[in-house]
Amino acid sequence: MNKLYTAQEIADKLKIKKTTVYELIKRGELQSSKIGKQLRISDAQLDQYLGSSGQTAEPALCIPDVQPESSLLKRDYLLNSSGLILSGQTSPALELLCSQMAVHPRGLPILQSHMNTYNGLYSLYFGKVHIASASISAQMISCLIPGIPLAAFLLYEYPIGFYVQKGNPKNIHSFKDLTRADVILANREKGSTCRIYLDEHLKNEGLSPSQISGYRKELVSDLSTASAIVGHKADAAIGEKFISLQSAGLDFIPLGTLPLYLVIEADSLERPGFPALAEIVCSEDFKASLSHQTGYDVSHTGELLYL
């Protein structure tokens, strides 16, 4: 008999996260079948994936790159599901939104695809996600998704700045300080908000990345760059204030304030699930919960921009 497995059972067999199984399905690497409203993976489909990827039943986590012809131009199976796909990296605000959407009478379940700002907007442009979280200016969002009418809910605003070791022993206060020979940067990956913010300011100040030790070494979250500072593997990183508050070994040097937008196609506002999302984001309960949990500025939360 060709046994059918749930996504969790596949995750347990391969020793990976359940979200990674969904990513593999979304990328077209792992085939699946829809039974009612649930995804199931058969023995044959699992064997096909393991054979094509050269993996065994207990692989190291490694999702291969996929060529544009097979990933961007192919219709996404999960976009036909009963839920919504939201791109964004781990955030208490997005977790709160997902949990409230799950219990709202007109809400839909949200599957979060963990992507940075650039890749999330790129996926929205190609119809791979329904919602992209983006922490850049509205003007930049419009440039990255040309020709498509967009709507953007402002979710919150937050401080961005330098993570430095407690007491700031290297006396780091400016982008120019990153070019000093005694300073090592813990950098973020291309496409992340922090990397975009850094590169934009380096260009504006006429500073070359080649002058910065550690610039070419990329880490994939604010938590990882903060850990590099605490572990004395680096002296500075750029990140949001909320993460720095989780470690007694860090100080935060503010540089500015950024918004976080939820970006959707304007036509989606009337589609199932989106009115519930708008109602949640604009509610006073959501704003209060978000502010109390994180300290984010929610004074403009729920404002809607058309781009």
Can you give me every donor-acceptor pair (side chain of residues 254-276, partner residue at least two apart or in another chain, under 3.5 Å) with its distance?
unit_1	atom_1	unit_2	atom_2	d
Ser268	OG	Glu265	O	3.4
Ser268	OG	Arg271	NH1	3.2

With a 3.5 Å cut-off and sequence neighbours excluded, list the donor-acceptor pairs that the side chains of residues 147-162 form with protein atoms.
unit_1	atom_1	unit_2	atom_2	d
Tyr158	OH	Ser135	OG	2.5

Output side-chain donor-acceptor pairs under 3.5 Å for residues 283-292, partner residues at least two apart or in another chain, one line each.
unit_1	atom_1	unit_2	atom_2	d
Ser283	OG	Ile280	O	2.7
Ser283	OG	Phe286	N	3.1
Lys287	NZ	Thr301	O	3.4
Ser289	OG	Asp285	O	3.0
His292	ND1	Ala288	O	3.2

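Every side-chain contact (heavy atoms from CB on, under 4.5 Å) that Asp182 has, sequence neighbours left out, goes to Lys170, Arg180. Residues passing the salt bridge (charged side-chain N to carboxylate O under 4.0 Å, His left out) test with Arg40: none are found, sequence neighbours excluded. Glu303 pairs by the salt bridge (charged side-chain N to carboxylate O under 4.0 Å, His left out) definition with nothing, not counting sequence neighbours. Qualifying side-chain contact (heavy atoms from CB on, under 4.5 Å) partners for Lys176, counting only residues two or more places apart in sequence or in other chains: Ser174, Thr179, Leu207. In this view, Ser213 and Ile184 satisfy the side-chain contact (heavy atoms from CB on, under 4.5 Å) rule, not counting sequence neighbours. The side-chain contact (heavy atoms from CB on, under 4.5 Å) search around Lys166 returns Asp251, not counting sequence neighbours. Not counting sequence neighbours, Glu205 has no partner by the salt bridge (charged side-chain N to carboxylate O under 4.0 Å, His left out) test. Legend: residues meeting ring-ring contact (aromatic ring centres under 6.0 Å, His included) with His201, ordered by chain and number and at least two apart, are Phe175, Tyr197.
Separation of atoms CG (Asp222) and NZ (Lys241) is listed at 14.5 Å; rounding is to 0.5 Å. The line from CG of Asp43 to CG of Leu4 is 8.0 Å long, rounded to the nearest 0.5 Å. Distance check, rounded to the nearest 0.5 Å: CD1 of Ile253 to CD1 of Ile238 gives 12.5 Å. If you take OH on Tyr118 and OG on Ser123, they are separated by 10.5 Å, rounding to the nearest 0.5 Å. The structure places CG of Leu250 at 11.0 Å from CG of Asn168, a figure rounded to the nearest 0.5 Å. In this structure, Leu94 CG and Met101 CE are separated by 12.5 Å, a value rounded to the nearest 0.5 Å.
Side-chain contact between Ile110 and Ile85 is absent, with no heavy atoms from C-beta onward closer than 4.5 Å. Looking only at side-chain heavy atoms (C-beta outward), Lys190 and Asn116 stay at 4.5 Å or farther from each other. Within the 4.5 Å cutoff, the side chain of Ile212 has no heavy atoms near those of the Asn187 side chain. The shortest distance between side-chain heavy atoms of Asp235 and Val164 does not fall below 4.5 Å.
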Query raised in the report: Between Ser221 and Ser224, is a side-chain hydrogen bond (donor to acceptor under 3.5 Å, both in side chains) present by the stated rule, with each step listed?
Result: CA-CA 5 Å; Ser221 71; Ser224 58; 3.2 Å; yes
Query raised in the report: Can Gln31 and Ile41 be said to form a side chain to side chain contact (heavy atoms under 4.5 Å, CB included), step by step?
Result: CA-CA 7 Å; Gln31 299 301 311; Ile41 299 94; over 6 Å; no
Report task. Could you check Lys203 against Asp199 for salt bridge (charged side-chain N to carboxylate O under 4.0 Å, His left out), going step by step and ending with a plain yes or no? Result -> CA-CA 6 Å; Lys203 181 179 180 181; Asp199 288 346; over 6 Å; no
Report task. Starting from the C-alpha separation in whole Å, work towards a yes-or-no answer on side chain to side chain contact (heavy atoms under 4.5 Å, CB included) for Leu111 and Leu86. Result -> CA-CA 6 Å; Leu111 171 65; Leu86 181 153; over 6 Å; no
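Under the 3.5 Å distance criterion, the side-chain polar atoms of His130 are left unmatched by any main-chain donor or acceptor of Leu84. In this structure, the side chain of Ser227 engages the main chain of Leu223 through a donor-acceptor pair within 3.5 Å. Under a 3.5 Å cut-off, the side chain of Asn119 and the backbone N or O of Met115 do not form any donor-acceptor pair. For the pair Asp177 (side chain) and Ile172 (backbone), a donor-acceptor distance under 3.5 Å is absent. Between the side chain of Tyr163 and the backbone N or O of Glu240, at least one donor-acceptor pair lies under 3.5 Å. A donor-acceptor pair under 3.5 Å links the side-chain atoms of Ser133 to the main chain of Ser87, judged by distance alone.
When hydrophobic clusters are built by joining Ile, Leu, Val, Met, Phe, Trp and Tyr residues whose side-chain heavy atoms come closer than 4.5 Å, directly or via intermediates, Leu96 is not grouped with Leu245. Following chains of ILVMFWY side-chain contacts shorter than 4.5 Å, one cannot reach Val220 starting from Leu121, and the two form parts of different hydrophobic clusters. In the hydrophobic cluster analysis, where Ile, Leu, Val, Met, Phe, Trp and Tyr join through side-chain heavy atoms closer than 4.5 angstrom, Leu219 is grouped apart from Leu198. The hydrophobic clustering, which links ILVMFWY residues whose side-chain heavy atoms are closer than 4.5 Å, places Tyr306 and Ile131 together.
Contact between Ala234 and Leu185 at its shortest, heavy atoms only, is CB-C, 4.1 Å. Scanning both residues, Glu200 and Met140, for their nearest heavy atoms gives OE2-CE, 4.3 Å. Of all non-hydrogen atoms in Arg195 and Glu189, the two that sit nearest each other are CB-O, 3.1 Å. Considering all non-hydrogen atoms of both residues, Leu202 and Pro209 come closest at CD1-CG, 4.4 Å. Across every non-hydrogen atom of Leu305 and Ala138, the tightest pair is CD1-CB, 4.3 Å. Heavy-atom minimum distance, Ser247 versus Val230: OG-CG2, 3.3 Å.
Crowding of Gln246 atom CD: a count of heavy atoms from other residues, nucleotides or ligands under 6.0 Å exceeding 12.
Within the structure, every pair that satisfies the ring-ring contact (aromatic ring centres under 6.0 Å, His included) test and touches residues 236-257, not counting sequence neighbours, is listed here: Phe242-Tyr296.
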